[in-house]
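These values consider heavy atoms only, across backbone and side chains, with no hydrogens, waters or symmetry-generated copies.
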Amino acid sequence: MNHNTPLISTIVVGLVLAFFLGALVQRARISPLVGYLLAGVVMGPFTPGFVVDQTIANELAEIGIILLMFGVGLHFSLKDLWSVRGIALPGAVAQISAATLMGWALGWMLGWSNGKGIMFGIALSTASTVVLLRAMQERRLIDTERGRIAVGWLIVEDIFCVLTLVMLPPLAGLMNGETSLDMSALTWPLLMTLGKVATFMLLMLVVGRRVIPWLLHYVAHTGSRELFRLAVFSISLGVAFGAALLFDVSFALGAFFAGMILSESELSQRAASETLPLRDAFAVLFFVSVGMLFDPSIIVKEPLPLLATLFIILFGKSIAAYGIVRLFGYSKPTALTISASLAQIGEFSFILIALGVSLSLMTERGRDLVLAGSIITIMLNPLWFAVLDRVLKEKEGVSETPNDEKLAPRIELPVSRLTGHVILVGYGRVGSVVGKALRAGNAPFLVIEDNPGAIERLRQEGIEVISGNAAAPGMLQAANLEVARGLLVAIPDAFESGQIIAKARAISASIPIIARAHSEQEIAHLEHHGANLVIMGELEIAKVMIAEIGIQAQPLAS
């Protein structure tokens, strides 16, 4: 049996090499994302040594995009998307227009025709879905006003690219100066595409809103975790594939709508956690596939055109986006975040340049510049955000506009006035029961939670809540932990709980800390970080069962 098949070798070599290089650059305090890209360069056709199948790598990367957009959709609702329409729609259109104009100007300077220059500019105008969302998720901005604007902006760009792919073939002759404008040849494909997109959205809103949550609830009641996980993957991948096959909608847009419809279900958080491991693995393969496209020799062959291309992507688009967001009355932190998010290009640019070359609307020189610009800007994007984080930290005293009332808390949060209180981290199945008991006992407490739905319910009930991740800088200080009665960590993730406990113990050596775990290894991990008591749910259930049946048994180990 041949074990060295292209599919297996692409997955194994890609993930292993990405792990080693990602860990290496992480030690140098550089984002692991750069290591993933370097893994692709090493595996690509432009460097000596082992070369994997690039077609397979690109197809695996598409799965990562689908799962990523599905996960983002789970944190969104139609209300969220509709709330940012006033900035996302005109902002994306204006930014695409500005980038296209700058790309055309560079093409004119390089001696290209107007059609080739416009095509080049369009390819530089769209940001990478994966890079933008990865940056937002790392900073937990998806559920903030800035995150909603960025995702809404992304959706508009996605729809624009779908329309562009449909309009390019009938416009190719006109853009090349070979034919005159034929409105009949252009209008029909455009109307068909708009009709398909509208039909898909209507189908998801009318049918998907009923069928998808019902299906997941049915599977959840079977009690099979494996079947539930399979149902989540089937919905995300199946809807994305069906949207592309039947309605000519991109995988990303189809998966996003599937997740957004499912977000209305109570099972949305569980669905998000089930997709997380596979989503991260395939997202890594996306960056590896991008790295494979990079030809390092272009740095020597085309230094000045490459620098001009990078200037458009890193500065031209960012300045345009910053100006647009500020023009609509949003604050500097919001404008800077959006501009940094868009300072790169990715997957749709590759599709556009491939079609452009086939239609003689893109030269090979232009294609190489776009590919080089993509990988270099993706590498630089974490640095861009690091600079942004430092700028925002230095300006954290700047006043905000009314549009920023829903933004995530700043690094320096206002400290709670509660004293002698209980700090409850997480308000899910366990945390909500603990919270009800604390209320019944009139014990003062506050909650740290990052689920928007739970946060809204807590505020409606008059419970003090701090929005965000308890492991983030400044969160425990904002909860006034130094004078608290105790810390209850009710989240199920032992790794994240360990981070929270370690930070809490660094603030107070004496505060009682109680956490939950699912195994003896997790108990040891949390106790090592400073927990006074760790409760394993399965063990407590077993104790109650034995006590209720009246059997005298030896005490169970704890």
Side-chain angles (χ1 to χ4, degrees), residues 139-144 269 273 396 406-518 522-537 540 558:
R139 288 157 181 80
R140 300 188 179 274
L141 292 174
I142 290 292
D143 297 318
T144 67
Q269 294 304 313
S273 64
E396 57 192 6
K406 298 181 181 179
L407 287 178
R410 292 165 177 258
I411 295 174
E412 292 295 334
L413 299 170
V415 179
S416 172
R417 296 182 179 180
L418 291 177
T419 58
H421 59 294
V422 175
I423 300 172
L424 176 59
V425 178
Y427 208 74
R429 290 181 298 175
V430 174
S432 59
V433 174
V434 175
K436 290 177 182 177
L438 291 172
R439 291 190 72 181
N442 293 321
F445 74 101
L446 65 80
V447 179
I448 302 178
E449 176 60 66
D450 60 2
N451 184 331
I455 292 170
E456 186 176 350
R457 290 194 300 272
L458 286 165
R459 286 174 175 165
Q460 289 175 351
E461 295 172 6
I463 299 173
E464 184 174 346
V465 57
I466 300 177
S467 174
N469 187 293
M475 296 295 287
L476 294 175
Q477 289 89 338
N480 210 4
L481 182 134
E482 291 181 345
V483 294
R485 176 180 177 181
L487 172 65
L488 307 181
V489 185
I491 59 175
D493 189 332
F495 178 77
E496 190 171 314
S497 297
Q499 292 179 306
I500 296 168
I501 292 169
K503 291 189 176 185
R505 192 54 75 203
I507 297 172
S508 173
S510 59
I511 185 172
I513 302 177
I514 304 174
R516 58 182 286 204
H518 294 289
E522 291 184 358
I523 292 176
H525 172 73
L526 298 177
E527 288 179 343
H528 171 74
H529 282 287
N532 299 94
L533 175 64
V534 182
I535 302 171
M536 188 167 75
E540 298 305 314
S558 60

Heavy-atom nearest pair, Ser467 first then Met475, reads O-CE, 3.6 Å

Check whether more than 12 heavy atoms from other residues, nucleotides or ligands sit under 6.0 Å from atom NE2 of His518, and answer yes or no.
yes

Whether over 12 other heavy atoms sit under 6.0 Å from Arg485 CZ
no

Between the main-chain N or O of Ser508 and the side-chain N or O of Arg505, is there a donor-acceptor pair closer than 3.5 Å?
yes

Within the 4.5 Å heavy-atom criterion, are Ile466 and Val447 side-chain neighbours or not?
no

Nearest 0.5 angstrom please: Phe495 CZ to Glu522 CD, how far?
12.0 Å

Asp493 side chain to Glu496 backbone, donor-acceptor under 3.5 Å:
yes

Looking at Glu464 and Leu446, would you say the former's side chain and the latter's main chain have a donor-acceptor pair under 3.5 Å?
no

Gap between atom CD1 of Ile448 and atom CG of Asn469 - 0.5 Å precision
9.0 Å

Go through Ile463 and Phe445 one step at a time and tell me if the side-chain contact (heavy atoms from CB on, under 4.5 Å) criterion holds.
CA-CA 8 Å; Ile463 299 173; Phe445 74 101; 3.8 Å; yes

Set out, in order, the CA-CA distance, both residues' side-chain angles and the distance that settles side-chain contact (heavy atoms from CB on, under 4.5 Å) for Val425 and Leu488, then state yes or no.
CA-CA 6 Å; Val425 178; Leu488 307 181; over 6 Å; no

Leu418 side chain near Ile423 side chain, heavy-atom distance below 4.5 Å:
no

pair Ser416-Gln477: side-chain heavy atoms closer than 4.5 Å:
no

Spatial distance of atom CD1 (Ile500) from atom CG (Leu481) [nearest 0.5 Å]
11.5 Å

Closer than 4.0 angstrom, basic N to acidic O: yes or no for Arg439 and Glu461?
yes

Between CD1 on residue Ile507 and CG on residue Leu476, distance to nearest 0.5 Å
5.0 Å

Could you tell me if the side chain of Val489 sits less than 4.5 Å from the side chain of Arg516, heavy atoms only?
no

Under the ring-ring contact (aromatic ring centres under 6.0 Å, His included) rule, collect the residues that match up with His529, sequence neighbours excluded.
His525

Decide whether Asn532 and Glu527 meet the rule of one side-chain donor and one side-chain acceptor closer than 3.5 Å.
no

With Leu424 as reference, evaluate Leu487, Val434, Val430, Val465 under the side chain to side chain contact (heavy atoms under 4.5 Å, CB included) test and give the passing residue.
Val434

Between atom CD1 of Ile511 and atom CD1 of Ile501, what is the distance when rounded to the nearest 0.5 Å?
11.5 Å

Kindly give the heavy-atom pair with the smallest separation between Ala517 and Leu526, and that separation in Å.
CB-CD1, 4.3 Å

